[in-house]
Amino acid sequence: MDWFHGGLQYQSIHHLFPRLPRYRLRAVSKEVAEVAHKASITYHHKSFAALNREVIATLRKTAELCAASPLANGPGAPMLWDSLHARG
C-alpha cells in the first residue's frame, strides 16, 4: 500500500536520506530501526491506519477548539467544524 499514500509513513527516513528513492524507504526503515535499537534510541513506527486515526483525532480536536473560540461565530467559521464531522 506504499503507493497509495506516497510513502508518507516513512517521512522520518526521507528526512534522514532525502535523495533515497521511494521504493527503498521500506527496507531502509528496517535498517534504521535496527540501528536505533542497538543505540538505545526510541524509534516510533505506526501503521498507515494508526497514523490516519491519529491525524483525524488531531483534526477533530482542533475543530472543537476552533468551535469553542470567540471567533467561532465569524463568517465561514462552521466550514471547518462541518467538514470534520461529516458522516457518510
Side-chain angles (χ1 to χ4, degrees):
M1 284 288 292
D2 292 345
W3 60 270
F4 181 73
H5 38 79
L8 287 177
Q9 76 276 31
Y10 302 117
Q11 185 177 14
S12 59
I13 304 304
H14 165 71
H15 285 279
L16 287 172
F17 307 103
R19 295 182 183 267
L20 191 69
R22 187 180 301 158
Y23 72 89
R24 292 278 297 135
L25 294 175
R26 180 186 298 259
V28 172
S29 175
K30 293 175 184 172
E31 293 175 27
V32 168
E34 290 174 14
V35 170
H37 179 71
K38 289 178 185 176
S40 300
I41 297 172
T42 303
Y43 178 75
H44 298 281
H45 182 77
K46 295 182 180 181
S47 70
F48 177 63
L51 289 171
N52 277 321
R53 283 192 298 273
E54 190 174 305
V55 167
I56 290 169
T58 301
L59 289 172
R60 186 176 303 276
K61 183 176 179 180
T62 302
E64 290 169 354
L65 290 172
C66 289
S69 81
L71 302 175
N73 296 324
M79 289 174 23
L80 175 62
W81 177 264
D82 291 343
S83 65
L84 290 174
H85 287 84
R87 302 281 185 228

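Distance CG/Leu16 to CD/Gln11: 11.0 Å, rounded to 0.5 Å. A distance of 5.5 Å separates CG of Leu25 from CG of Leu20, quoted to the nearest 0.5 Å. Atom CD1 of Ile56 and atom CG of Leu51 lie 11.0 Å apart (nearest 0.5 Å). For the atom pair CZ (Arg60) and CZ (Arg53), the distance works out to 14.0 Å, reported to the nearest 0.5 Å. Put simply, CD on Glu31 and CZ on Arg24 are 6.0 Å apart, with the number rounded to the nearest 0.5 Å. A distance of 10.0 Å separates CZ in Phe17 from OG in Ser12, rounded to the nearest 0.5 Å.
Counting heavy atoms from C-beta on, the side chains of Tyr43 and His37 never come closer than 4.5 Å. With a 4.5 Å cut-off on side-chain heavy atoms, Thr42 and His44 count as touching. Residues His45 and Tyr10 meet the side-chain proximity criterion, which asks for heavy atoms closer than 4.5 Å.
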